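Residue numbers run from 1 in the order of the sequence given. Everything quoted here is computed from the prediction, not taken from an experiment.
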Amino acid sequence: MKKTIRKLTAVLLSFCMMLSLLSVSAFAATKDDVVQYGSYTSLGDSAVAGYGLPDWEAMKLRWGNPDWESQLDQKVKETIDTLNMLAMLQGQADQVVQEGTPEYDARFNELKKTMIAEMTEEQINELKYVNYTRRHEVYGSYPSILKEAVGAETFTPEENRPETEGTFHHYAQCAFRTEELRMVLDKTYKGDSEELVGIAASMSNGSFDYANLLELQENGEYVEAIKNSNLVTMSIGANDIYVPILGTVFTDLVALMLQKAQEEAAAQGETPKTEEEVTEDAANTLVNIETEEDAKEVLGDVDTSVLPEETTVEEANEGAENLADNIDANNEASALQGIIALVAVLQQSDPNYIGKILKLALQCEVNYRINYGAIVNKIFEINPNVTLVAPAYTLNYAGFGALAPILKLVFGEMNLFVKARPNYNGHFITVALPDDQITFADISHPDEAGHALIAETILKALPTAKSVEGTTVKQGADGNWYAYTNGVYDPTVNSVVNNAFGWWKVENGKVNFKFNGIATNENGAWYLLGGKVQFLKTGYVRVDKNGNQVLFGGTRYKVLGGKVLNYKG
């Protein structure tokens with residue numbers, strides 16, 4: 001009977017402690033009174049990174065190479081020295097120019113202009129701007145606003161300290177899909193393929209490539225940031241849907257242009273262009289399509305019967321790879337605008353076309369769910385005490401034309417999936433965003449006001465500092481129980497700590513349910529059984545020098561209502 005009562009008591013205690021997790025604080029924080037998490041990592045794609053904000057280009061210069069121009073000048077001088085030497089060797093002394101003369105200055109300026117003109121944008125960025133392996137803070141982005149509010153800090157280039165030493169890590173990357181984020185968090189995961197990761201890399205404007213991801217995976221930079229953070233925000237998955245849609249429509253454009261080229265060649269008795277040539281033409285054409293009228297002009301009397309009725313995710317990604325290989329990263333926005341116009345025209349020609357795109361998007365969402373679940377589990381495996389906040393996906397849907405209903409439906413499904421996930425004992429917080437109030441810099445990236453509103457909405461989902469004052473015991477995402485001080489996990493706690501359902505033995509920030517004996521806090525010494533103070537205990541107990549209960553030997557102490565009298569441990 002006693003065993004049954006003890007089991008029932010244990011079940012009721014566990015139930016009560018779980019109920020405590022379900023009671024959400026009624027306090028909605030603001031930037032002035034939110035919990036001071038002190039350390040914060042932001043994860044996501046370009047919409048999180050701050051792409052399109054006024055500080056975006058300034059950030060690149062801020063973290064760039066301040067000596068880039070002098071280094072370029074040095075290369076020009078070395079080139080002139082080489083030309084002078086060649087002129088002397090060839091007996092053309094009249095071609096030699098001396099530094100400090102007008103002739104030298106004219107040749108210097110001409111060579112420098114030529115060198116810049118012949119350099120690719122990637123080469124210029126490599127010389128001039130930041131190393132994009134890791135993102136840097138963009139002022140005005142919602143992570144930057146949250147950083148200030150929660151008391152995290154980052155270092156500026158002037159401080160000459162590694163960014164990794166700060167307590168804010170802005171690790172959102174342009175063009176990241178769930179595939180790339182999962183890769184940098186899990187050494188055992190290599191992504192869908194090097195080629196497909198390369199698609200995202202090609203569209204990232206130099207932010208990363210497959211080698212960068214393997215390096216980040218190996219050095220564990222993202223893992224360390226999460227391990228040392230008390231707060232993480234994550235919004236990832238939009239590119240999981242975008243990239244395949246871009247690839248499908250581009251593949252269809254190539255097929256239609258190829259058919260048109262073959263018909264024209266046959267009519268004129270010429271050799272038709274190869275598929276490779278048409279693919280290049282299609283990419284150049286795509287970035288110049290701005291309106292439906294432009295799309296109609298390109299397609300002419302389109303015959304959609306040559307297009308497949310369905311496209312697999314693999315085929316769509318292959319099309320995206322072809323697109324990425326044939327356009328400059330800076331033309332991605334133009335390409336997207338062209339895709340939107342093409343979809344509208346193709347839908348007019350074939351009413352089933354939009355259904356084909358929707359079916360593909362829903363297939364992509366299945367892959368997204370697998371990766372998203374793995375990412376969330378990995379984050380809590382890395383840090384079971386972190387607060388992970390997931391803002392909902394949102395877009396400037398009106399700008400997506402015929403694609404808007406598809407994206408709204410799929411993003412809605414993604415938001416429902418995220419919201420329906422377990423709350424990991426209160427550590428996983430989903431945040432609905434006011435879609436109709438968020439303003440955008442373009443069709444997919446919030447502007448400064450949009451970022452400010454997202455930050456404000458996230459803060460409202462977090463507790464105020466006053467509501468979590470002091471030290472208490474709560475359950476971590478992994479099911480273990482830990483000590484939290486002022487709302488933040490505290491590994492320094494070695495004491496007896498109370499919550500609504502008892503007083504608990506805490507060692508190095510974690511409850512020790514196996515402890516039997518005497519432990520102390522600021523209120524005195526207490527007798528504990530199973531890690532919990534036994535307030536109904538009155539009698540005697542024997543403990544060793546470390547306070548552990550023993551049957552024989554040790555020191556005998558009197559216990560009155562759970563409190564140990566005259567304890568000298």
Side-chain angles (χ1 to χ4, degrees), residues 13-14 16-23 25 34-41 150-153 165-169 220 223-232 376-389 422-429 462-534 543 546-549 569:
L13 173 62
S14 177
C16 289
M17 294 180 86
M18 289 303 296
L19 280 178
S20 70
L21 297 173
L22 300 177
S23 57
S25 170
V34 69
V35 167
Q36 294 301 282
Y37 290 94
S39 51
Y40 166 41
T41 295
V150 303
E153 65 173 352
E165 288 185 9
T167 57
F168 170 56
H169 304 283
V223 172
E224 284 302 308
I226 291 169
K227 187 182 294 182
N228 295 314
S229 290
N230 293 314
L231 176 67
V232 169
V376 172
N377 287 338
K378 193 66 181 178
I379 288 173
F380 285 124
E381 178 186 317
I382 294 167
N383 186 350
N385 294 293
V386 73
T387 295
L388 174 58
V389 179
N423 72 1
Y424 292 84
N425 299 320
H427 290 264
F428 184 57
I429 300 173
L462 296 174
T464 63
K466 189 173 183 180
S467 69
V468 292
E469 226 169 15
T471 299
T472 190
V473 167
K474 294 195 303 182
Q475 197 170 24
D478 60 355
N480 292 308
W481 293 78
Y482 300 89
Y484 292 77
T485 299
N486 299 328
V488 174
Y489 166 61
D490 189 348
T492 67
V493 174
N494 286 281
S495 184
V496 175
V497 180
N498 72 300
N499 66 6
F501 304 102
W503 291 27
W504 309 91
K505 168 67 170 172
V506 176
E507 297 174 358
N508 299 320
K510 186 176 181 180
V511 174
N512 180 1
F513 289 105
K514 296 181 179 179
F515 181 79
N516 299 320
I518 297 174
T520 62
N521 62 11
E522 66 275 13
N523 296 308
W526 307 91
Y527 172 66
L528 297 91
L529 187 63
K532 184 184 180 185
V533 173
Q534 303 298 302
V543 295
N546 296 317
N548 296 299
Q549 187 171 4

Please check if the side chain of [X] supplies one atom and the backbone of [Y] the other of a donor-acceptor pair under 3.5 Å.
| X | Y | answer |
| --- | --- | --- |
| Asn521 | Asn523 | yes |
| Thr472 | Asn498 | yes |
| Asn516 | Gly530 | yes |
| Asn486 | Gly470 | yes |

Rounded at 0.5 Å granularity, tell me how far [atom1] in [X] sits from [atom2] in [Y].
| X | Y | atom1 | atom2 | value |
| --- | --- | --- | --- | --- |
| Ile518 | Asn546 | CD1 | CG | 12.0 Å |
| Asn228 | Thr167 | CG | OG1 | 10.0 Å |
| Trp503 | Ser495 | CH2 | OG | 9.5 Å |
| Trp481 | Lys474 | CH2 | NZ | 10.0 Å |
| Phe513 | Lys505 | CZ | NZ | 13.5 Å |

message = List the residues meeting ring-ring contact (aromatic ring centres under 6.0 Å, His included) with Tyr527, not counting sequence neighbours, and say none if there are none.
response = none

key: Partner set under side chain to side chain contact (heavy atoms under 4.5 Å, CB included) for Ala465, not counting sequence neighbours   = none

If I compare all heavy atoms of [X] with all of [Y], which pair ends up nearest, and what's the gap?
| X | Y | result |
| --- | --- | --- |
| Gly476 | His427 | CA-NE2, 3.4 Å |
| Lys532 | Gly502 | CE-CA, 3.9 Å |
| Gly509 | Tyr489 | O-CE1, 3.6 Å |
| Ser229 | Ser39 | CA-OG, 3.3 Å |
| Tyr37 | Gly487 | CE2-O, 4.4 Å |
| Ala225 | Thr41 | O-OG1, 3.5 Å |

Chi angles and distances behind the side-chain contact (heavy atoms from CB on, under 4.5 Å) call for Val386, Phe380 = CA-CA 7 Å; Val386 73; Phe380 285 124; 3.8 Å; yes

Any side-chain heavy atom of [X] within less than 4.5 Å of one from [Y]?
| X | Y | result |
| --- | --- | --- |
| Ile429 | Thr387 | yes |
| Leu528 | Gln534 | no |
| Asn508 | Asn494 | yes |
| Val506 | Val511 | yes |
| Trp504 | Val497 | no |
| Pro463 | Val35 | yes |

key: Steps toward salt bridge (charged side-chain N to carboxylate O under 4.0 Å, His left out) verdict (Lys227, Glu224)   = CA-CA 5 Å; Lys227 187 182 294 182; Glu224 284 302 308; 3.3 Å; yes

Just jot down the side-chain hydrogen bond (donor to acceptor under 3.5 Å, both in side chains) partners of [X], sequence neighbours excluded, or say none.
| X | answer |
| --- | --- |
| Asn512 | Glu507 |
| Asn480 | Asp478 |
| Gln36 | none |
| Glu381 | Lys378 |

message = Among Asn385, Asn499, Asp490, Thr471, exactly one meets side-chain hydrogen bond (donor to acceptor under 3.5 Å, both in side chains) together with Tyr484. Which residue is that?
response = Asn385

